[in-house]
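Have a look at the structure below, then the notes.
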Amino acid sequence: MIREDGAIREDGAIRENGAIRENAIRTHEAGSLRARDAGTAVTLAGWVARRRDHGGVTFIDLRDASGVVQIVLRESEQAHALRNEYCVRVTGEVGRRPAGNENPELPTGEVEVVVTGLDVLSEAEALPLPIDDQVEAGDDIRLRYRYLDLRRSGPAKALRLRSRANQIAREVLHARNFNEIETPTLTRSTPEGARDFLVPVRLQPGTWYALPQSPQLFKQLLMVAGMERYYQIARCYRDEDFRADRQPEFTQLDIEMSFVTQDDVIELAEAIVAALWGELADAEVSLPIPRLTWHEAMARYGSDKPDLRYGVELVDLTSYLHGTDFRVFSAAIMAGGYVGAVVMPGGAVQTRKELDAWQEWAKARGAKGLAYVVLDAETGEARGPVAKNLSAEHLAGLGDTVGAKPGDAVFFAASQNRREAQELLGAARIEIAKRAGLMDEDAWAFCWVVDAPMFERDTVLPDGTGEGWTAVHHPFTSPTAEWMDSFETAPGDALAYAYDIVCNGNEIGGGSIRIHRGDLQRRVFDLLGITPEEAQDKFGFLLEAFKYGPPPHGGIAFGWDRVCMLLSGADSIREVIAFPKTRGGLDPLTGAPTPITPQQRLEAGVDAKPKAPGESAS
RNA sequence: GGUGUCGUAGCUCAGUAGGUCAGAGCACUGCCCUGUCAAGGCAGAGGCCGCGGGUUCGAGCCCCGCCGGCGCCGCCA
């Protein structure tokens with residue numbers, strides 16, 4: 001159990017019978033001391049968190065991993081020489097503080113240690129960043145001196161929480177007979193669709209390892225191997241641009257099971273989520289977590305990872321506005337597209353400038369604009385540039401149809417590409433919630449998004465069509481039972497046994513039931529335009545494995561950094577990574593990445609030409 | 001690749017529409033101080049105002065380019 005004060009942990013120097021190990025550096029942890037310890041002789045070790053030097057008496061806040069305790073030095077020459085973050089060892093006696101001097105802010109506030117001996121274990125230079133929970137330093141300086149940043153209680157707490165999260169997940173999984181199995185990080189490209197990080201291979205000049213984007217193929221091989229229940233806290237690598245919730249190397253809680261259906265995987269995932277949030281967020285997750293289909297999520301929220309902490313659902317107006325003269329809408333409707341709306345409660349009070357800002361906001365997202373109508377707070381009359389383009393009939397029923405009241409604003413999106421318009425409204429929905437303050441910051445809203453499409457167009461033309469198809473999840477994802485025999489007839493409509501778990505608008509995990517039959521896999525490859533030769537070249541080893549009695553299997557992977565970020569209340573996964581990288585892919589601490597020497601370049605074989613396939617590799 | 005925003009002392013920041021504008025708090029150095037808890041007081045040191053160019057009589061402030069941090073779009077489950 002994580003505690004604010006970390007008080008209940010026993011120091012390693014103390015044996016079970018209470019005896020102190022000989023030569024121990026310390027006898028107690030600073031944050032563990034309480035009134036009951038008054039009169040006890042203790043030796044502590046830690047850092048000078050703060051000093052208050054009154055001349056004849058000096059107070060030091062001594063900090064170790066367990067917390068802080070006040071130590072008192074009287075008539076001490078040494079005391080005046082102490083500086084922040086000196087590492088010290090003190091011997092003394094725990095005493096109750098004089099009446100009236102207790103500090104109720106501190107768990108150790110009833111006591112103090114009156115020092116009889118002080119050793120400076122090591123000194124500290126003037127600090128490049130203050131070890132102070134009140135002062136928030138810039139990201140670059142924090143990362144450059146991450147080891148000092150982590151001395152602060154907030155950042156330290158985030159890493160300790162992550163450690164406990166790992167432990168909780170392992171407890172749930174081991175209770176269910178899962179095996180923790182490691183897989184290679186020097187391997188070949190996996191079919192996740194991102195760019196690979198590549199590693200030159202000295203022993204085979206001109207050839208390269210790829211760092212895994214996930215252990216996907218290996219975990220499926222482990223199912224063929226009969227392990228049946230696998231998990232791993234796995235480092236994954238994807239060479240794409242950074243975000244607040246994306247780093248080039250990140251961690252998944254990766255899980256795969258044999259002889260299971262989608263419901264089995266979901267049940268397990270829910271058990272893990274409930275255990276994590278129950279302990280670390282003090283939140284009871286009511287199970288089962290609600291499910292909505294991918295199409296439902298898009299229709300109601302304009303997102304495949306909807307934030308359900310607030311309403312503000314989209315309304316499909318395609319049929320309501322059928323026959324409109326307004327070109328922007330009619331063009332979309334005639335082309336078989338979509339017109340929809342989302343309501344901003346109280347949005348009518350926005351100034352012209354604020355409403356114009358929405359246009360800029362929409363353009364920044366690649367849209368042409370964001371049509372709107374405001375309903376007068378007094379009369380309910382529809383106003384705004386779009387209003388005069390709509391018929392009196394359409395305007396009259398608009399409020400009721402979209403669920404808007406006088407004083408609200410209604411935003412519209414229209415496109416012949418349904419998904420594009422829905423996504424614009426979905427983004428507007430999030431922005432509305434932010435600007436209107438509709439988000440309950442303390443709420444946890446989970447949902448599953450199931451029945452995802454199997455395929456999407458690889459190149460999307462303005463009308464939503466395209467040339468070929470690409471797998472939405474990955475090419476080993478099974479179609480649902482209904483589409484098993486027919487996905488080729490309407491690839492754009494085919495659904496997959498693919499599921500994502502979403503928390504407050506963050507995708508925290510996703511998985512699928514895999515294809516385990518060679519014939520079905522062949523048909524999927526055919527549709528994706530992957531020739532037998534290509535398949536053999538890229539994942540021949542998997543297909544070969546599937547010749548030998550592969551079990552039905554499926555799994556899920558949690559974005560572990562995101563899970564820990566949410567649990568710790570952070571707004572970036574950097575907060576739950578010990579040594580994260582900056583947006584530019586640099587590590588300000590080590591200075592990585594660095595150029596290599598000509599010698600390294602030569603040895604690594606970076607410029608070597610690979611041997612032709614026929615030649616011997618050795 | 002696109003875009004927004006930030007960059008002033010070791011740290012956090014203030015510097016009003018170009019004209020005593022090189023400033024504050026903390027940290028640092030020295031001194032004083034026996035009950036503080038973000039201790040207090042006195043004194044001091046510390047800055048190519050991110051870099052380069054331009055406009056101007058004059059630029060921390062305006063313009064252009066570059067570099068770096070962060071956010072977003074693209075990309076990426």
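Lettering of chains follows the sequences in order, A, B, ..., and the numbering in each one begins at 1. All values reported here derive from a predicted model rather than from experimental measurement.
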Selection from B:C70, B:G30, B:U36 that lies nearest to any side-chain heavy atom of A:R97: B:U36

C1'-based separation of B:C63 from B:U56 [nearest Å]: 12 Å

Rounded distance (Å) that lies between atom P of B:A27 and atom CG of A:L148: 16 Å

Among B:C76, B:U36, B:C28, the nucleotide that comes nearest once only the side chain of A:R238 is considered: B:C76

Atom-pair distance (CD on A:Q247; P on B:A77), nearest Å: 16 Å

Under 3.5 Å donor-acceptor pair, A:R246 side-chain atoms to B:C76 base atoms: yes

Residue closer to the 5' end of RNA chain B, A:F59 versus A:E136 (nearest nucleotide): A:E136

Proximal nucleotide (of B:C28, B:A38, B:C70) relative to the A:R574 side chain: B:C70

Minimum heavy-atom distance between A:A445 and A:L308, given as atom pair plus value: CB-C, 3.7 Å

Integer-rounded Å distance: B:C37 P and A:L73 CG: 17 Å

Base B:U36 to side chain A:Q70, donor-acceptor N/O within 3.5 Å cut-off: yes

First encountered from the 5' end of RNA chain B, between A:D571 and A:Q134: A:Q134

Length of the line joining A:R243:CZ and B:C73:C1', which is rounded to integer Å: 7 Å

Side-chain H-bond candidate by donor/acceptor type, A:W448 with A:E270, under 3.5 Å: yes

Listed nucleotide nearest any side-chain atom of A:R83, set B:C75, B:G74, B:U29: B:U29

Selection from B:U29, B:G69, B:C33 that lies nearest to any side-chain heavy atom of A:L586: B:G69

Nearest heavy-atom neighbours spanning A:Q521 and A:P475: NE2-O, 2.8 Å

Heavy-atom pair with the smallest gap, counting every atom of A:Y499 and A:G555: OH-O, 2.9 Å

Rounded distance (Å) that lies between atom P of B:C76 and atom CD of A:E423: 13 Å

Same-atom distance (P) from B:G10 to B:G19, integer angstrom: 26 Å

B:G44 to B:A9 separation - C1' atoms, rounded to the nearest Å: 15 Å

Strand RNA chain B in bracket notation, Watson-Crick/G-U under 3.5 Å with | for pairs to another chain: (((((((..((((.....[...)))).(((((.......))))).....(((((..]....))))))))))))....

Distance in angstrom units between A:D245 CG and B:A77 P, rounded: 13 Å

Rounded distance (Å) that lies between atom P of B:C37 and atom CD1 of A:I60: 15 Å

B:C28 OP1/OP2 closer than 4.0 Å to side-chain N/O of A:R51: yes

Ring centroid separation A:F411 to A:W358 under 6.0 Å: yes

Euclidean distance for C1', B:G46 against B:C67 (whole angstrom): 26 Å

Separation of the C1' atoms in B:G23 and B:G15, to the nearest angstrom: 7 Å

Nearest-Å distance once atom P is located in both B:C49 and B:A59: 13 Å

Heavy-atom pair of closest approach, residues A:A49 and A:E85: CA-OE2, 4.1 Å

Smallest separation among heavy atoms of A:D37 and A:S32, with atom names: OD2-O, 3.8 Å

From CA spacing to verdict: side-chain contact (heavy atoms from CB on, under 4.5 Å), A:I255, A:I272: CA-CA 11 Å; A:I255 297 170; A:I272 292 170; 3.7 Å; yes

ring centroid sep under 5.5 Å plus plane angle under 30, A:H54 with B:A39: yes

Atom pair distance, as rounded to whole Å: CZ in A:R152 and P in B:C26: 19 Å

Minimal non-hydrogen separation, A:T477 against A:M454, with atom names: O-CE, 3.4 Å

Side chain of A:V135 (C-beta onward), nearest among B:U12, B:C70, B:C28: B:U12

Side-chain donor/acceptor contact of A:R365 with base of B:G74 under 3.5 Å: no

Candidate list A:R142, A:R562, A:R162, test salt bridge (charged side-chain N to carboxylate O under 4.0 Å, His left out), partner A:E575, passing option: A:R142

B:G40 OP1/OP2 closer than 4.0 Å to side-chain N/O of A:R52: no

Ion pair A:R309/A:D307, N-O distance below 4.0 Å: yes

Distance between C1' atoms of B:C48 and B:G60 (Å, rounded): 12 Å

Nearest listed nucleotide, side chain of A:D139, among B:U29, B:C70, B:U12: B:C70

Residues A:R246 and A:D241 bridged, charged N to O under 4.0 Å: no

Rounded C1' spacing from B:U55 to B:A38 in Å: 46 Å

Please list, pair by pair, any protein nitrogen or oxygen found under 3.5 Å from a nitrogen or oxygen in nucleotides 4-10 of chain B.
unit_1 : atom_1 : unit_2 : atom_2 : d
B:G10  : O2'    : A:P128 : O      : 2.9

